[in-house]
Amino acid sequence: MGAVPPLPDATPVVVLVSGSGTNLQALIDASDDPAYGVRIVAVGADRDGIPALDRAERAGIETFVLRVADHPSRAAWDAALAERVAAASPELVVLAGFMKLTGAAFLARFGGRTLNSHPALSPSFPGMNAPRDALAHGVKITGATLFVVDEGVDTGPIVAQVAVPVLDDDTVDSLHDRIKSSERGMLVEWVGRLARDGHSIDGRRVVTPPNRRNL
Ligand code: GAR
C-alpha cells in the first residue's frame, strides 16, 4: 500500500541538515501518517553530497543547497538562507543536525518558530562537539535537547529534553549513537505536537497546549 498523503492542513515544515540525516528520516517516516500533522515542504543543506539530501530526494521532497563559500559573507549567506526557506512558506523550521548558526536575517523571519536539536542536556555542553565534551567531562548522564533557536549557541528556550546514560566503555561514537536513538523519538514527538497544537514562548519557557492527540 502506498503512503497516504498528508492532510492539506498539515503544518508546512522546512528541515535544514548537514550530515547523515537520521533525524530527518525519522521526521519523514512520521510524516507518512496524515494524523501526524506535518508536511515537509523542503529540505535545505549547507553542503552537497550528504546522505541527508539523498534521504529527502528518495522521499520526493524538494531540496536546496546554499554553501557559505558561495556567498560574499556569512551575513549574505544567512540572508540568502532566509529567502530560500521563506520561498517554501514553512510555519516551522527544524534544524536537524544543521552544523551552522543561523544569524540575524534568518531569525528576523523565523525567530520563535525555528527548532534545533542538540545532543546534550542544555545548558551543558553547547557547541559542535557535545558528545565528546560530555564524555571528557565524565558526566554519567547526558542526553538531547530540543529548543527554540535564539541568537546564542544552543541557548534558546527548551521545548523538551531526554536523558541518556553514559557507559564506562563509551566512545564518542557509541555515546552519540545512543543519544541519537533517544533524540529521534523526542524530535518526532515534539515537532508533531508543536505542528498540531502550536506553542508560545513565555520568557524562557516554551508553553504547549495539552496534548490533544497523543500519537
Ligand atoms: C544529531 O545528534 C544532532 O543533535 C546533532 O547532529 C546530529 C545529526 O545527526 N546536531 C548538532 O550537534 C548541532 N550542533 P543526523 O544527521 O543523523 O540527524
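Counting starts at 1 for both ligands and their atoms, following the listed order.
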Residue and atom name of the nearest protein heavy atom (relative to atom 11 (C) of ligand 1), distance in Å to one decimal: Met99 CE, 3.5 Å
Side chain Arg55, main chain Gln25, donor-acceptor under 3.5 Å: no
Hydrophobic cluster identity match, Val38 and Val93, side-chain contacts under 4.5 Å: no
The single option from Asp46, Leu16, Leu81, Asp78 passing side chain to side chain contact (heavy atoms under 4.5 Å, CB included) against Leu66: Leu81
Ionic contact status for Glu62 with Arg84, cut-off 4.0 Å: yes
Shortest reach to atom 18 (O) of ligand 1 by a heavy atom, considering only Val15, Asn116, Asn23: Asn23
Flag for Asp154-Ser122: side-chain donor and acceptor within less than 3.5 Å: no
Within-shell test, His176 vs ligand 1, heavy atom, strictly < 4.0 Å: yes
Check: Arg184/Thr22 side-chain N/O donor and acceptor closer than 3.5 Å: yes
Atoms of ligand 1, numbered as shown, that sit under 4.0 Å from any heavy atom of Gly97: 6 (O), 8 (C), 10 (N)
Test: Asp177 and Lys180 ion pair at under 4.0 Å: no
Any Ser117 heavy atom less than 4.0 Å from ligand 1: yes
Heavy-atom nearest option to atom 5 (C) of ligand 1, drawn from Ala120, Ala144, Pro119: Pro119
Identity and distance of the protein heavy atom lying nearest atom 4 (O) of ligand 1: Glu183 OE2, 2.3 Å
Minimum-distance protein heavy atom relative to atom 16 (O) of ligand 1: Gly21 N, 2.8 Å
Nearest-contact summary for atom 9 (O) of ligand 1 - protein heavy atom, Å: Lys180 NZ, 3.2 Å
Min heavy-atom dist Ala52 to ligand 1 below 4.0 Å: no
Any N/O pair Thr22/ligand 1 closer than 3.5 Å: yes
Side chain His199, main chain Gly112, donor-acceptor under 3.5 Å: yes
Heteroatom proximity flag, Leu24 to ligand 1, N/O under 3.5 Å: no
